[in-house]
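Here is the structure we will look at, set down as structure tokens.
Each chain gets a letter, A, B and so on, in the order its sequence line appears, and its residues count up from 1. Note that this is a predicted model, so its numbers are computed, not measured. Quick note: numbers below take in every heavy atom, side chains included, and nothing from hydrogens, waters or symmetry partners.
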Amino acid sequence: MDISGLERYLNNQFNSLYGFAYILVPDELQASQICIDSISSFLLECKDLVSDFLDDKSVNQEIKIKLYQFVYNLSVKRDVQLTTLSTENRNSSFFYQLDINKRGIIYLRDRSQLLLSEIELIVGRRNYEIINDYELAKNLVQLKEQRPL
Amino acid sequence: MSEACIFSSNIILAKKYPESYNLLKKHLEDCCLCQKEIEKIDRDESTWFEMIPCPAPSDIIKSAAQREIHELTKNLIKHSPSESKNKKLSVKEFILKKVLPFNR
Ligand SMILES: [Zn+2]
């Protein structure tokens, strides 16, 4: 039983969760709030995983995926409410003009280096849809942001 | 179009799934056309990586989050059902009395 270990673990996860949340909802305060809400929901709703973690830490990756899942679902909800907000930020790079699902997939795959099967769990879609969206989005971004070689 | 090697089309897959492309490995290492192609792919990959934003929380956000996480995990002890009668137990006492017996 290691509550302070859990606290440490969650603190360590915060940076990557924040990065993910910000990719989805590009606003500092919103992203941070989404992470805290996600951690809070995780602690309340995933009591089994929490107590497994407290016993031994082999469930680390499973917890990470769960946390990402909460962040993703919350962000998608907020995104709908906030579509008018932070348009400046979205315009600053073509990346933010991609739709929220595609931004999420790219981040999870290439920044968080998650497996396709893990991304499936987080975004709740089939692997061929994810691969399709990923390739499509990657080509678009590369096309739009291509620098002169 | 400059000259190409037919094996170059497998490079991306070979990078992703090295175990499945073991047989090709030696060729890819020895063939200068494939080597050129590998370098080009690596370059494309690194520019691609630069295009993906990597937002990091500011120090203020981080320390606020730390406080929140501390509260949230603290509440975990308080609200644990086996704990409701003895709210004043310290974490250490709690661990010794309630949890250790069930530990594997
Ligand atoms: Zn070759």
Side-chain angles (χ1 to χ4, degrees), chain A residues 1-29 31-33 35-37 39-44 47 50-51 54-56 89 92-96 103 106-107 109-112 137-139 141-142 144-147 149, chain B residues 12-13 15-17 19 36 39-84 87 89-104:
Chain A
M1 173 76 172
D2 184 7
I3 289 277
S4 63
L6 178 66
E7 185 180 344
R8 237 182 353 264
Y9 174 80
L10 293 171
N11 276 320
N12 288 339
Q13 291 302 314
F14 183 78
N15 276 17
S16 59
L17 288 177
Y18 176 88
F20 184 42
Y22 190 95
I23 288 275
L24 301 171
V25 179
D27 176 274
E28 220 188 354
L29 288 177
S32 153
Q33 197 52 53
C35 294
I36 295 299
D37 291 349
I39 290 172
S40 171
S41 306
F42 164 74
L43 293 174
L44 282 172
K47 293 212 165 70
V50 172
S51 56
L54 296 174
D55 281 345
D56 73 279
N89 213 330
S92 67
S93 108
F94 179 75
F95 183 87
Y96 285 105
R103 298 200 299 272
I106 290 175
Y107 186 87
R109 214 198 104 127
D110 291 339
R111 281 268 178 237
S112 304
K138 186 173 177 178
N139 287 340
V141 173
Q142 282 179 325
K144 292 272 181 181
E145 299 217 347
Q146 214 162 45
R147 289 154 220 182
L149 291 171
Chain B
I12 294 181
L13 286 172
K15 281 165 86 83
K16 262 188 202 162
Y17 311 104
E19 322 81 49
K36 259 188 200 157
E39 277 170 30
K40 184 182 172 298
I41 289 168
D42 285 345
R43 233 176 5 251
D44 288 353
E45 277 305 304
S46 68
T47 35
W48 163 240
F49 202 66
E50 283 164 25
M51 288 175 191
I52 310 169
C54 186
S58 65
D59 288 344
I60 300 170
I61 295 272
K62 248 202 285 199
S63 59
Q66 260 168 21
R67 278 196 303 276
E68 297 263 16
I69 289 170
H70 180 74
E71 286 304 313
L72 288 172
T73 46
K74 212 171 73 187
N75 287 342
L76 215 57
I77 306 175
K78 271 194 215 147
H79 296 145
S80 159
S82 56
E83 182 55 2
S84 51
K87 282 198 170 161
L89 283 184
S90 73
V91 177
K92 198 174 170 191
E93 283 170 324
F94 175 75
I95 293 167
L96 288 173
K97 287 188 181 168
K98 303 283 181 184
V99 183
L100 274 186
F102 304 111
N103 255 345
R104 272 164 274 168

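Residue A/Ile3 comes nearest to B/Thr73 through the heavy atom pair CG2-O, 3.9 Å, listed as atom of the first residue, atom of the second, then distance. Across all non-hydrogen atoms, the minimal contact from B/Pro55 to A/Tyr107 is CD-CE1, 4.4 Å. Counting all heavy atoms, side chain and backbone alike, A/Tyr18 lies closest to B/Ile61 at CE1-CG2, 4.1 Å.
The distance from atom CD1 of A/Ile106 to atom CZ of B/Phe49, rounded to the nearest 0.5 Å, is 12.0 Å. Between the OG atom of A/Ser40 and the CD atom of B/Glu68 there is a distance of 9.0 Å, given to the nearest 0.5 Å. A distance of 10.5 Å separates CD1 of A/Ile36 from CZ of B/Arg67, quoted to the nearest 0.5 Å. Separating the SG atom in B/Cys54 from the CG atom in A/Asn15 is a distance of 9.0 Å, to the nearest 0.5 Å. The distance from the CG atom of A/Leu43 to the CG atom of B/Asn75 is 9.5 Å, given to the nearest 0.5 Å.
Among B/Ala64, B/Ala56, B/Ser58, the residue with the largest count of heavy-atom pairs under 4.5 Å with chain A is B/Ala56.
By the 4.5 Å heavy-atom criterion applied to side chains, B/Met51 and A/Phe95 are not counted as neighbours. Contact annotation: the side chain of A/Asn11 never approaches that of B/His70 to less than 4.5 Å [non-hydrogen atoms, C-beta and beyond]. Looking only at side-chain heavy atoms (C-beta outward), B/Pro53 and A/Tyr96 come within less than 4.5 Å of each other.
Contact of B/Ala65 with chain A is made through backbone and side chain together, with heavy-atom distances under 4.5 Å.
Enclosure of atom CD1 in B/Ile41 by more than 12 non-hydrogen atoms of other residues, nucleotides or ligands within 6.0 angstrom is indicated. The 12-atom threshold is not exceeded at NZ of B/Lys36, counting heavy atoms of other residues, nucleotides or ligands nearer than 6.0 Å.
Here the rule is side chain to side chain contact (heavy atoms under 4.5 Å, CB included) with A/Glu7, and of B/Leu76, B/Leu72, B/Ile69 only B/Ile69 fits it.
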